[in-house]
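Report on the following structure.
Counting starts at 1 for both ligands and their atoms, in listed order. Values reported hereafter were calculated over all heavy atoms of this structure, with side chains retained and with hydrogens, waters and symmetry mates removed. Everything quoted here is computed from the prediction, not taken from an experiment.
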Amino acid sequence: MRIKISLTEIHTLGHYIKEKTGIVLDEKKAYLFESRLSPLLTELNCSSYTNLLDLAKKDHLISTKLMDSVCTNETSFFRDKSPFSLMIQKLAPDFFEKNPIKTLNVLSAACSTGQEVYSLIMALTDAGITAPRFKINFTAIDISDKAITKASRGEYSKFELARGMNSEKLSKFFDKNGELWRIKDKFRSIVRFKKSNLLKSNELTRLGKFDIIFCRNVAIYFSKDDKQKVFDTLATMINPNGHLLIGSTESLVGISNQYTRNTFQGAIYYDKN
Ligand SMILES: C[S@@+](CC[C@H](N)C(=O)[O-])C[C@H]1O[C@@H](n2cnc3c(N)ncnc32)[C@H](O)[C@@H]1O
């Protein structure tokens, strides 16, 4: 059952969520509060959204559940296709041509349930860009406990796999586990998964430096100030000659001057200045 939210509750809860995650939810998103948080209200036996907010402020676990509920985890395997061709046809080969014995460090920021980082691994493996000849480290982060836990398990339903996977890749990269399919351990174990908040610069920079950062389809939920902060922080984490990839509907115009836009066969990416 959907429980109605008042305008005051939208403001107070919206403020709390923005502070914690950067996600902007205003009165235009009343339906989203109601559809995503009504089940939590029922589960926690809360009489109102104000009651839920009071509990979240006191109890870290409830706050985590609240954030998990408001995060949009929409993703799919090989989402938008072109970033993955760009990676195997240009970015990774260019890197190893210039640095044949170095490790390529890749970050999937706001990785959701892991499809992005596993798609990268599958694309690179199929292209023969793999260990032992080519050394690549993968890090994947997300603010959502639920999403990052699922990502690190690497287990997907038929429905999730139907979005972007073909049967050839399925049998090559996954093992059947009951009703689910699990990415083979040798691919899962090469990713470092970490719960991390893009808005917390200290937390982010502690992850280290990267040659390629994917930060797609998350900043669309942030205010302009938070977008600027996130992309400027990410710029400090990119090695010289490194790159940033953002979502197909996103742009850095008026957001950050730390990058130069570039294209390769129709795919857009950014070079760190
Ligand atoms: C729409 S998904 C995008 C997933 C993937 N990058 C893609 O393009 O398919 C957005 C993800 O951003 C995460 N997210 C939202 N705010 C975040 C923040 N402040 N720090 C890190 N991750 C965040 C959400 O939990 C969600 O999993």
* F134 and F96 aromatic ring geometry - parallel, tilted or perpendicular at 30°/60° bounds -> tilted
* Can a donor-acceptor pair be found between the side chains of E116 and S119 at a distance below 3.5 Å? -> no
* To do: Considering only NZ, NE, NH1 and NH2 on the basic side and carboxylate oxygens on the acidic side, decide whether K195 and D145 come within less than 4.0 Å.
  => yes
Under 3.5 Å, N/O to N/O: give me all the pairs between ligand 1 and the protein, one per line with atom names and distance.
unit_1	atom_1	unit_2	atom_2	d
ligand 1	6 (N)	A110	O	2.9
ligand 1	6 (N)	E116	OE2	3.4
ligand 1	6 (N)	R216	O	3.0
ligand 1	8 (O)	R79	NH1	3.2
ligand 1	8 (O)	R216	O	3.3
ligand 1	8 (O)	N217	ND2	2.7
ligand 1	9 (O)	T75	OG1	2.6
ligand 1	9 (O)	R79	NH1	2.8
ligand 1	19 (N)	T21	O	2.7
ligand 1	19 (N)	N197	OD1	2.9
ligand 1	20 (N)	L198	N	2.9
ligand 1	22 (N)	I143	N	3.2
ligand 1	25 (O)	N73	ND2	3.3
ligand 1	25 (O)	D142	OD1	2.6
ligand 1	27 (O)	N73	ND2	2.8
ligand 1	27 (O)	D142	OD1	3.4
ligand 1	27 (O)	D142	OD2	2.7

* Asked: Is it the case that K4 places NZ or CZ above or below the six-membered ring of Y49, under 6.0 angstrom from the centre and within 45 degrees of the axis?
  -> no
* To do: For residues Y156 and F77, establish whether the separation of their ring centroids is below 6.0 Å.
  => yes
* Is there a side chain to side chain donor-acceptor pair (under 3.5 Å) between Q115 and T113 once you walk through the steps? -> CA-CA 6 Å; Q115 283 87 333; T113 41; 2.7 Å; yes
